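Working notes, beginning with the structure itself.
Excluded from the calculations below are hydrogen atoms, water molecules and symmetry mates; all remaining heavy atoms, backbone and side chain alike, are included. Residues: numbered from 1 along the sequence shown. Remember, predicted model here, so these are calculated numbers, not experimental data.
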Amino acid sequence: MRWTSILAIYVLFWAFSVFLVLPWGVRTTREVGGDYVAGQAESAPHDFRLGRLAIRVTIVATLLFVLFFANYRFGWVTPQMLDLFNREAVYNAV
């Protein structure tokens, strides 16, 4: 696999991980007991820390990517293992 492909796949894992990590540790203003700002949604986080989110996302994305890349190298799970409908037998019978 070329390094550009590795980088592109890692970026996809990072973008996907944002949605996995985003709800972790979120506390609303009501839960904290703070005062609302005019126009603030009740579900908005009280204290949003982008740096902490980026670090968490990077850790999760890196772990998931390492598992993906190790599976690519060692072939632990292949498409043939995930063939639930035995399509290979259908194609060979034709």
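- Under the 4.5 Å side-chain heavy-atom criterion for ILVMFWY residues, no single connected hydrophobic cluster contains both Phe74 and Phe68.
- Dense packing is recorded around OH of Tyr36, with more than 12 heavy atoms of other residues, nucleotides or ligands lying under 6.0 Å away.
- Residue pairs that meet the salt bridge (charged side-chain N to carboxylate O under 4.0 Å, His left out) test with at least one member in residues 9-37, sequence neighbours left out, are Arg30-Glu42.
- There is no path of hydrophobic side-chain contacts, each under 4.5 Å, that joins Val18 to Val26.
- With hydrophobic clusters built from ILVMFWY side chains whose heavy atoms lie under 4.5 angstrom apart, Ile55 does not share a cluster with Val21.
- Residue Val57 is not grouped with residue Val66 when hydrophobic side chains (ILVMFWY) are merged at heavy-atom distances under 4.5 angstrom, including chains of intermediate members.
- Between Gln40 and Thr29, the shortest heavy-atom contact is NE2-OG1, 2.9 Å.
- Using a 4.5 Å heavy-atom cutoff, the side chains of Phe69 and Ile9 are not in contact.
- In terms of hydrophobic clustering, with Ile, Leu, Val, Met, Phe, Trp and Tyr side chains grouped at heavy-atom distances under 4.5 Å, Leu12 and Trp14 are assigned to different clusters.
- Minimum heavy-atom separation, Ala70 to Trp76: CB-CH2, 3.5 Å.
- The local environment of CZ in Phe19 is sparse, with at most 12 non-hydrogen atoms from other residues, nucleotides or ligands closer than 6.0 Å.
- Results of the side chain to side chain contact (heavy atoms under 4.5 Å, CB included) test with Val60 over Phe65, Trp24, Phe16 single out Trp24 as the only residue that passes.
- Between Leu20 and Leu64 the shortest side-chain heavy-atom distance falls below 4.5 Å.
- The minimum heavy-atom distance linking Thr28 with Ser43 is given by the pair CG2-O, 3.9 Å.
- Residues Met81 and Thr78 form a side-chain contact, since some pair of their non-hydrogen atoms from C-beta on lies under 4.5 Å apart.
- Separating the CG atom in Leu67 from the OG1 atom in Thr62 is a distance of 11.0 Å, to the nearest 0.5 Å.
- Distance CG/Leu53 to OG1/Thr58: 9.0 Å, rounded to 0.5 Å.
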